[in-house]
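To keep things clear, I will list the structure first and then write my remarks on it.
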Amino acid sequence: MLPPVMADRADKPSLDVIEHKALILRHESVNADYRLIEVSAPDQARKAVAGQFFHLLCPHAGGLEPFLRRPMSIYRIDREAGTLSFLYKVTGSGTRAMATLREGDRLDMLGPLGIGFSLPLNRAPIVLLARGVGLATLAPLVALATERRHPVTAILSARAPEYLMSVAEMRADGAQVITVVDSDMTSEVDRVEDLLHGLRAQGRMEALYTCGSNRLLLLAQAVARQYGLHGEVAMEQQMACGLGMCFCCVRPFQVENEITHRRVCCEGPVFPLAEAMGW
Amino acid sequence: MLPPVMADRADKPSLDVIEHKALILRHESVNADYRLIEVSAPDQARKAVAGQFFHLLCPHAGGLEPFLRRPMSIYRIDREAGTLSFLYKVTGSGTRAMATLREGDRLDMLGPLGIGFSLPLNRAPIVLLARGVGLATLAPLVALATERRHPVTAILSARAPEYLMSVAEMRADGAQVITVVDSDMTSEVDRVEDLLHGLRAQGRMEALYTCGSNRLLLLAQAVARQYGLHGEVAMEQQMACGLGMCFCCVRPFQVENEITHRRVCCEGPVFPLAEAMGW
Amino acid sequence: MVDLSVDIGALRLANPVMPASGTFGHELARVIDVERLGALVIKTVTADKRIGNPTPRVAEVSGGMLNSIGIPSKGPKHFVEEIVPLYRRFRAPLVASISANTPDQFAEICATVSVPGVSAIEVNISCPNIEDDGRAFAMRPEPTLAVMKKLREASDLPLWAKLTPNSGEIQEVARAAEEGGANAIVVANTILAMSVDIRTRKPSLGKIMGGLSGPAVKPIILRMAYQCARSVSIPVIGCGGIMTAEDAIEYMLVGCRAVQVGTATFINPTAMLAVIEGLEQWCREQSLVSIREIVGQLGDAGDRGAMNWEGVA
Amino acid sequence: MVDLSVDIGALRLANPVMPASGTFGHELARVIDVERLGALVIKTVTADKRIGNPTPRVAEVSGGMLNSIGIPSKGPKHFVEEIVPLYRRFRAPLVASISANTPDQFAEICATVSVPGVSAIEVNISCPNIEDDGRAFAMRPEPTLAVMKKLREASDLPLWAKLTPNSGEIQEVARAAEEGGANAIVVANTILAMSVDIRTRKPSLGKIMGGLSGPAVKPIILRMAYQCARSVSIPVIGCGGIMTAEDAIEYMLVGCRAVQVGTATFINPTAMLAVIEGLEQWCREQSLVSIREIVGQLGDAGDRGAMNWEGVA
Ligand SMILES: Cc1cc2nc3c(=O)[nH]c(=O)nc-3n(C[C@H](O)[C@H](O)[C@H](O)COP(=O)(O)OP(=O)(O)OC[C@H]3O[C@@H](n4cnc5c(N)ncnc54)[C@H](O)[C@@H]3O)c2cc1C
Ligand SMILES: Cc1cc2nc3c(=O)[nH]c(=O)nc-3n(C[C@H](O)[C@H](O)[C@H](O)COP(=O)(O)OP(=O)(O)OC[C@H]3O[C@@H](n4cnc5c(N)ncnc54)[C@H](O)[C@@H]3O)c2cc1C
Ligand SMILES: Cc1cc2nc3c(=O)[nH]c(=O)nc-3n(C[C@H](O)[C@H](O)[C@H](O)COP(=O)(O)O)c2cc1C
Ligand SMILES: Cc1cc2nc3c(=O)[nH]c(=O)nc-3n(C[C@H](O)[C@H](O)[C@H](O)COP(=O)(O)O)c2cc1C
Ligand code: FES
Ligand code: FES
């Protein structure tokens, strides 16, 4: 199994986190559920790494609610333009409030936070397995990996074709994109498994990354174990501080048959695939 | 002492109070401290009587604050146009939030509430003694009284000339207006007292109404006692329900040397001058 | 058609929504149709005559309000002769609320207000008991049991014991109230609190300290209602920070048979009607035949991750 | 130039603002200059090793949050060897926070953490005492006195007793803590509360009930701080819902010598620095030489109307 390249990790103690009210450059809906927001944040863009997140303060929509910040993965990093984007699903009070922000308003963001993805050595080919919100988290890994000359295959899973996102962007970034959907049953686990074995056979899979689905997590773990692949998964948990102080965001992990509890905000959100626990 | 005309009272149990989100027609600042807001409320305008108030729900300015409603006297009633106006001083969280309302927005108002002013019989001449916010409360009494053919003299007191309000409106309504200000010391109590004795001598004062100043209240009580005038005062107290249910808004009153406690919202805000207690 | 009726002991209510004592009066009939309420709980009347506390009696705080009214009262005679008749015209059952300084006074007023036209008596044992150096009866189980026994003997009407959230042992107090003969418990009264106006450096309230109510107290009182519902077998009536039907549903899911709405009425006089309509609509959406189906139907705690908490599930 | 320094017993703090235990860690140094804080109070460490409670551990409520972290802990040895050294680099005094299941365990860990680099020990007696069937030590005066005496013998460092607001007799508990040898009391920990997600019908927290913190608790904890400040002669440190300098001033006016800020830091990591700056500016506006001048300077209650309350003044 290939060791991760630590140099790509973002958890250096030296890293300083910025709380900043960033100017909103763009804010539009991508489909019925999702919205894309782009902000100007040159310093953060320089620091940010794929897999990290920002802790966002949603505008108060009357009432102190939403009270806590909301964690959101970085969807796009443009260092040249000095911009960052988030792709988010309108779910409850916080994201509903966020959706009311207009271009020209400010977005109070804390970050970049957490540990990002790490890539295998020697431009080894990698495979991404994303569904739903997981797409937002894995998307920037495509740019990072292709930039580093890793052949990238992205398997994107969704309820129906109209819910598939950033297929074009990923192709533009140089990834081979395979889309699977519930509506024609191509997204069923065994069929996705066949895809993975196929990619392995074609020598296109040395590392495996997943986010957004428990079923795909379990599948990825099995396949990675079988072939001894380097694998990573980005996980979610409710958060308060986002900085590692409050221990709200723990999840159980399995390390040599021992259960250990880790904080998603600072020991993750990206974790070794083998140690993650599905259900 | 002349008995009040009960017909003018608004405390009939039959009266039903309306909670309504009224359209804001006008909202402008009158001077550094005060703002005037006019709303469309035909039904309330038909019911409302000078001296009554509305309990206003201020827009939430982030946070549940302002939490409670804010009582505001009716400043102007235009039954023909079906409009009501409030003249208010920007003081704290509630009025600050109110000040953010724009024309075309809605103002959630509960009312009309409380007992209004009553007039003496036989078109007897009356005198108004107003200072500060008290002006907003006494203003509609000018229109009511002149309409009923009562000669009206309004003594308006303020810090300085620029803080005098609705002098023109009152004159237009047919009142004789005397303005006194701190800046040239014409507002001092003994000089105002001389004015009152003068008006009495001219036969222009059969009833006395005051609001907005403790010093003027004590003066009015003394003068009214001396000449046996019908007198009324409009009082303020912090409120919660505005309907007589919570007993938050009581004040002490003196009735035949007995202290009794009355609710400003439903037993007032207008009370017999002789029974009010100053300090 | 959803059945919203609930039974509080022998007393059937058309729906589980009623006003909280001290926040309602016949005056509200000027604004809304009070006939539609499950019951009409009115301001506490005390055995002695009281003028109440000095002003200011109310202050705003984040997510709620403080009050220090202090139960002004014209006494039981005035209540029976002047107040009870005012409510004859309403169909909804009238619930009196009473309080006193000693167990004996309490029993006496309880007997006095047990008259036709009163359907139940809420006994506000959250008030000071001068025989327990000013501590409220419901601060501890022993005085609660003692006063409830006396009250039980004094009246045949349903007795609802209203508890104070200032107690550190509300479950034990609830059990004592049940043992003493309460037919239901109301959880809870206001939480003792204060605030300061830093401009004047004065306490906001004339009495310095007063009762906190409104949304700010909801998570605390909801917890107490949950604890009490698991400690007693008589009905629990939830009361604290209910502004919407969703809030009322939370209380019913943790085990409350009915709810009381107080402060919300000050912000929006139609709040109680909105809660009733919201409950009915929610039942329809959940295709429930009766609101009673959700009482105590709280699901198991924990998310997916919790399943592997101490080992693989 | 305003003097913001305050003395908590023998310990002088550069200013009265410090983090509340469990809401701060060295990680905050990545966002703000923690050197500027009056003291650094860190997460409670328990005598035993603990993994903490199942998730979800946090939920939002009106004006605050619920948490059911449950003090995950790697024990005192790890604390002394791994954690204390992490804070050597900071000028601000380090305040340890400890807890245990029995008085003896408590005394033992108290001795263990009394090491160089620790300036004071906050004893979190708001946690369950298994010798008093799971009731927190600080629920009652007797166990509070008992455990404080043992703790006092175990260490020469200043001991700050952190009380629980769930007690119905916090003043008596505060006096017991003082009698037992506490050098200061912290008022207070979180208030036990809960909430329900009506969509899933599940409790929001994996532990069902958890601690309420944030603006919603301020009026309640402020009242308790006021009561405690009048009951003891040792310094009282206020902690509950402080989001702004104005909130901190309220606590100091009712008698608190210093304040702790918790939840506010989650919303805004710079909140504590904003409170310090706000205090300094307010002192300047009020032309105060020292912040100490306002401690306990609460004015008389009552408005003008109250002057004639029971007769002409
Ligand atoms: C590291 C990380 C990265 C994320 N990236 C994205 C992203 O790129 N796009 C996206 O759409 N969503 C993302 N999420 C999920 C996102 O944080 C939640 O959808 C959001 O917080 C929901 O808030 P709400 O108020 O709209 O919903 P509500 O359900 O009203 O939220 C209530 C509370 O639960 C918390 N919460 C609810 N769902 C989640 C969740 N799945 N994870 C963590 N906390 C939750 C909220 O933060 C809030 O405190 C991410 C979560 C984490 C932990
Ligand atoms: C019957 C009546 C009629 C009134 N008419 C007018 C009017 O026409 N124009 C005008 O400018 N003001 C009037 N007032 C005063 C007005 O209600 C207050 O200025 C306003 O409530 C201040 O709210 P705030 O949030 O801006 O101030 P804050 O000081 O932040 O208010 C805090 C709390 O105190 C209450 N409060 C503060 N001052 C008063 C006060 N003087 N009377 C009652 N409650 C108060 C508020 O309602 C709120 O609950 C009237 C008051 C009463 C009782
Ligand atoms: C202004 C006011 C007066 C109150 N008076 C009484 C009372 O007389 N008797 C009583 O048992 N409770 C009284 N309460 C408490 C309420 O009945 C209720 O228990 C509390 O307000 C919590 O409910 P809420 O958050 O919905 O207001 C009063 C509350 C308020 C706000
Ligand atoms: C996430 C979280 C964890 C906490 N952990 C502890 C703890 O370990 N020990 C402790 O004494 N208090 C703990 N507390 C309580 C706080 O120290 C503080 O007493 C409480 O939050 C009230 O202050 P606040 O309203 O400013 O947050 C915790 C609070 C929160 C929100
Ligand atoms: S959110 Fe606070 S430790 Fe992770
Ligand atoms: S404000 Fe409620 S009785 Fe007057």
Side-chain angles (χ1 to χ4, degrees), chain C residues 51 53-56 59 61-64 66 139-140 164 166-169 191-196 198 200-209 212 215-224 226-227 241 243 246 249-251 253-254 282 294 297-303 305-307 309-310, chain D residues 51 53-56 59 61-64 66 139-140 164 166-170 191-196 198 200-209 212 215-224 226-227 241 243 246 249-250 253-254 282 294 297-303 305-307 309-310:
Chain C
I51 64 172
N53 295 325
T55 48
V61 294
S62 181
L66 303 177
M139 286 298 284
R140 302 173 170 191
T164 173
N166 298 317
S167 167
E169 43 191 339
I191 303 177
L192 192 63
M194 77 182 284
S195 72
V196 176
I198 70 167
T200 62
R201 298 192 186 182
K202 283 164 156 287
S204 311
L205 296 175
K207 192 85 189 316
I208 302 176
M209 296 181 280
L212 177 65
V217 305
K218 197 190 81 186
I220 301 168
I221 307 298
L222 185 71
R223 178 266 298 180
M224 293 178 170
Y226 170 75
Q227 292 177 312
M243 307 294 280
E246 289 70 24
I249 292 163
E250 281 193 68
Y251 272 96
L253 285 171
V254 302
W282 187 79
I294 71 165
Q297 295 309 305
L298 188 65
D300 293 338
D303 58 17
M307 296 184 347
W309 203 244
E310 287 164 63
Chain D
I51 63 172
N53 295 325
T55 48
V61 294
S62 181
L66 303 177
M139 285 298 284
R140 302 172 170 192
T164 173
N166 298 319
S167 168
E169 43 191 338
I170 195 160
I191 303 177
L192 192 63
M194 79 183 282
S195 71
V196 176
I198 70 166
T200 61
R201 298 192 186 181
K202 282 164 157 286
S204 310
L205 296 174
K207 192 82 189 322
I208 302 177
M209 295 180 281
L212 177 65
V217 305
K218 197 189 78 183
I220 301 168
I221 307 298
L222 184 72
R223 178 266 299 182
M224 292 177 171
Y226 168 76
Q227 292 177 311
M243 306 295 279
E246 288 69 26
I249 292 163
E250 280 192 71
L253 285 171
V254 302
W282 187 79
I294 70 166
Q297 296 308 306
L298 188 65
D300 293 337
D303 59 15
M307 297 184 343
W309 203 245
E310 287 165 66

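Within every chain, numbering begins at 1; the chains are lettered A, B, ... in the order of the sequence lines, protein sequences first and strands thereafter.
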At a 4.5 Å cut-off on heavy atoms, which part of [X] comes close to chain C: side chain, backbone, both, or neither?
{"X": "D:Ile221", "value": "neither"}
{"X": "D:Leu212", "value": "side chain"}
{"X": "D:Ser167", "value": "backbone"}
{"X": "D:Val217", "value": "neither"}
{"X": "D:Ile208", "value": "both"}
{"X": "D:Ile191", "value": "side chain"}

Out of D:Ile170, D:Leu192, D:Ile249, which one racks up the most heavy-atom pairs below 4.5 Å with chain C?
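Option with the top pair count is D:Leu192.
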With chain C, which of D:Arg223, D:Met224, D:Lys218 has the greatest number of heavy-atom pairs at distances under 4.5 Å?
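Winner by heavy-atom pair count: D:Arg223.
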Run the side chain to side chain donor-acceptor pair (under 3.5 Å) test against C:Glu246 and tell me which residues pass, sequence neighbours left out.
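Partners of C:Glu246 under the side chain to side chain donor-acceptor pair (under 3.5 Å) test: C:Thr244.
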If the condition is side chain to side chain donor-acceptor pair (under 3.5 Å), which residues does C:Asn166 pass it with, not counting sequence neighbours?
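For C:Asn166, the residues satisfying side chain to side chain donor-acceptor pair (under 3.5 Å) (neighbours in sequence not counted) are C:Thr164.
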Report yes if some heavy atom in the side chain of D:Trp282 is under 4.5 Å from a heavy atom in the side chain of C:Ile198; otherwise report no.
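Answer yes - side chains close enough.
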Closest non-hydrogen atom pair, [X] against [Y]:
{"X": "C:Leu253", "Y": "D:Arg201", "value": "CD2-CD, 3.9 Å"}
{"X": "D:Lys202", "Y": "C:Asp300", "value": "NZ-O, 2.8 Å"}
{"X": "D:Gly299", "Y": "C:Pro203", "value": "O-CD, 3.2 Å"}

When rounded to the nearest 0.5 angstrom, what is the spacing between [atom1] in [X] and [atom2] in [Y]?
{"X": "D:Met209", "Y": "C:Ile220", "atom1": "CE", "atom2": "CD1", "answer": "13.5 Å"}
{"X": "C:Leu205", "Y": "D:Asp303", "atom1": "CG", "atom2": "CG", "answer": "10.5 Å"}
{"X": "C:Gln227", "Y": "D:Met194", "atom1": "CD", "atom2": "CE", "answer": "9.0 Å"}

Closest-packed option against chain D by number of heavy-atom pairs under 4.5 Å, given C:Ile294, C:Leu66, C:Asn53
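Max contact count across the listed options: C:Asn53.
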For chain D, which of C:Pro219, C:Gly206, C:Gly302 has the most heavy-atom pairs under 4.5 Å?
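The option with the most such pairs is C:Pro219.
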